[in-house]
Trainee: 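If you scroll down you'll find the structure; I have some questions about it.
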2 protein chains.
Amino acid sequence: MALEHAILVSLTEQSATGYDLARRFDASIGYFWRASHQQIYRTLTRMAADGWVEGTTEHRDGATDRTTYAITSAGRAELGRFSATPSSREPLRSDFAVKLRGLLDTEAAIADAKARRADHQARLDTYEASEKRHYPDPAALTEDERGPYLALRGGILLERAGIAWCDEILGHLDRSER
Amino acid sequence: MALEHAILVSLTEQSATGYDLARRFDASIGYFWRASHQQIYRTLTRMAADGWVEGTTEHRDGATDRTTYAITSAGRAELGRFSATPSSREPLRSDFAVKLRGLLDTEAAIADAKARRADHQARLDTYEASEKRHYPDPAALTEDERGPYLALRGGILLERAGIAWCDEILGHLDRSER
DNA sequence: CCTTGCCATGCAATTAGTTGCATGGTTAGG
DNA sequence: CCTAACCATGCAACTAATTGCATGGCAAGG
């Protein structure tokens, strides 16, 4: 249900077209809420009907039409309501954990752990570069920076945990090559 | 798609009824793959049709019928195929991270962080008790223990990361009460 | 005895999410 | 010029997941 809110948060940061949002959901806000371009377009349409966002269509000569969406005061009110609502733990669905739980092919698990470790490291590198660029002094954050900074910190801690997990797995399974 | 495999892994550990599996998905294997009872029943039916599991229905006097499912050799082959397949990163969808990213209600966020911290701690306590009971000596694991142990370790690292995140959040937002 | 919870299975109506394809445009590189 | 990629939106057909309710049984506690 929070796709709406993820979109509203992103539009609060900056108005955008559906295409812009789809790009943002490939990175940035998409690190915390994964959504397909179809969900985004469908949800934008619904939120415009609900009055939470307002779309302005621009007809361009020689280029396709584009609609820019901005959050409305009703949208801000909905975000306020969402902010006051307690969240619950996200359901986990992990192929990798299931595979480990029923470990059958040690070599494949080692290869998978290595690939996942690399993926976690790449994501962590991205997060840490962003942290360094946007929040060089975490003790001196502005009011508006605290939320995004703490969200980013969550991502960093998650990626580090993923790396630590892969290292433990490789430490246990990958004995012959150490 | 891995619900099938989560069920097959669980049936490899022990044959079970649909009801048993639903209970296991409330804990144990459900920590790594969340599924509703309806998904479980529906998926069992499909897997029986596919020959991956075999159900034996027991008619009981004075009690309702029950079907016990066991994995078949075709099911084991499918698990083998799954084990050889690389996994991909699980999509994340976090209300809490979205809420932080667009932080509006600091007090509500503090309350939420406290509640989530308690939830992570409870889950961690469960995992660590299980670790202590089932794997008192991680340096001396049997072949069959390594996978489940490493899956459990993943859960432990994840919960610790969640606690660390909540502590950072509270350290930044909850100043007036420290 | 009645209520609630547990054992056991499954329907139904719904929401959430995916994937590719379609359409119609521009730009850049070979 | 042609191909591939980007900009932009949306259809369609589908799978995944949820939630409660329904049905029919037993057990335990008030």
Side-chain angles (χ1 to χ4, degrees), chain A residues 1-7 10-11 14-27 29-30 32-50 53 55-69 82 87-95 98, chain B residues 1-7 10-11 14-27 29-30 32-50 53 55-69 88-95 98:
Chain A
M1 176 37 184
L3 173 58
E4 279 79 359
H5 304 107
I7 291 177
S10 192
L11 292 179
Q14 174 133 44
S15 298
T17 63
Y19 187 82
D20 287 337
L21 283 169
R23 294 292 74 75
R24 288 184 201 170
F25 275 81
D26 284 338
I29 191 74
F32 308 106
W33 198 278
R34 153 98 162 239
S36 66
H37 82 284
Q38 247 312 277
Q39 269 191 299
I40 292 166
Y41 279 96
R42 189 182 301 141
T43 302
L44 277 174
T45 301
R46 194 167 59 242
M47 294 200 291
D50 288 341
V53 302
T56 305
T57 302
E58 174 187 356
H59 303 284
R60 303 183 289 170
D61 289 327
T64 51
D65 290 356
R66 66 187 228 162
T67 304
T68 301
Y69 293 89
F82 170 68
S87 64
S88 44
R89 166 192 290 271
E90 297 69 40
L92 177 66
R93 291 187 177 92
S94 169
D95 282 13
V98 167
Chain B
M1 177 36 185
L3 173 57
E4 280 79 358
H5 303 108
I7 291 178
S10 192
L11 291 180
Q14 174 131 45
S15 297
T17 62
Y19 188 83
D20 288 336
L21 283 169
R23 295 292 72 76
R24 288 184 203 171
F25 274 81
D26 285 338
I29 190 75
F32 306 107
W33 198 277
R34 152 98 163 241
S36 66
H37 81 284
Q38 247 311 277
Q39 271 190 296
I40 293 166
Y41 280 95
R42 187 180 305 133
T43 302
L44 276 175
T45 300
R46 193 166 62 241
M47 293 200 293
D50 288 342
V53 303
T56 305
T57 303
E58 175 187 357
H59 302 286
R60 303 181 290 173
D61 288 331
T64 52
D65 291 356
R66 68 187 227 161
T67 303
T68 301
Y69 293 89
S88 44
R89 164 190 291 273
E90 297 70 39
L92 177 67
R93 291 185 179 93
S94 169
D95 282 13
V98 168

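Letters A, B, ... mirror the listed sequences (proteins, then strands); counts begin at 1.
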Trainee: Determine: side-chain N/O of Q39(B) to OP1/OP2 of dA16(D), distance under 4.0 Å, yes or no.
Mentor: no

Trainee: As an exercise, state the distance from CD of E90(B) to CG of L92(A), rounded to the nearest 0.5 Å.
Mentor: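 Reported to 0.5 Å precision, the distance equals 6.5 Å.
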
Trainee: If a protein heavy atom is under 4.0 Å from the base, mark B; if only from the sugar-phosphate, S; if neither, -; do that for nucleotides 5-14 of chain C going 5' to 3'.
Mentor: -SBBBBBB--

Trainee: Once you round it to whole Å, what is the distance between P of dA16(D) and NE2 of H5(B)?
Mentor: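 Value for this atom pair: 12 Å.
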
Trainee: Rounding to a whole Å, what distance do you find between E58(A):CD and dG24(C):P?
Mentor: 20 Å

Trainee: Measure the distance from CZ on F25(B) to P on dA17(D) and round it to the nearest whole Å.
Mentor: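 Interatomic distance, CZ of F25(B) to P of dA17(D): 11 Å.
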
Trainee: Would you mind reporting whether Y69(B) and I7(B) have side-chain heavy atoms less than 4.5 Å apart?
Mentor: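 No. Closest side-chain heavy atoms not under 4.5 Å.
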
Trainee: Give the rounded distance in Å between these two atoms: CZ of R46(A) and P of dC11(D).
Mentor: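 Those two atoms, CZ and P, are 14 Å apart.
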
Trainee: Strictly by modelled atom types, are R66(B) and T17(B) linked by a side-chain donor-acceptor pair under 3.5 Å?
Mentor: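 Judged by distance alone, the side chains do not pair up.
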
Trainee: Please list, chain by chain and in numerical order, all residues satisfying salt bridge (Lys or Arg N to Asp or Glu O under 4.0 Å) with D26(A), sequence neighbours excluded.
Mentor: R23(A)

Trainee: Can you check whether R93(B) has a side-chain N or O nearer than 4.0 Å to OP1 or OP2 of dA16(C)?
Mentor: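 No, no such contact exists.
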
Trainee: How close or far is atom C1' of dA16(D) from atom CE of M47(B), stated in whole angstroms?
Mentor: 15 Å

Trainee: Under the salt bridge (Lys or Arg N to Asp or Glu O under 4.0 Å) rule, collect the residues that match up with R34(A), sequence neighbours excluded.
Mentor: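 Residues passing salt bridge (Lys or Arg N to Asp or Glu O under 4.0 Å) with R34(A): none at all.
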
Trainee: Return the value, rounded to whole Å, for the distance between atom CD of E90(A) and atom P of dA16(C).
Mentor: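 The distance from CD of E90(A) to P of dA16(C) comes to 16 Å, rounded to the nearest Å.
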
Trainee: Rounded off to whole Å, could you give me the NE2-to-C1' distance for the H59(A) and dC7(D) pair?
Mentor: 17 Å

Trainee: For atom CD of Q14(A), is the number of surrounding heavy atoms from other residues, nucleotides or ligands below 6.0 Å larger than 12?
Mentor: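 Result for CD/Q14(A): open.
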
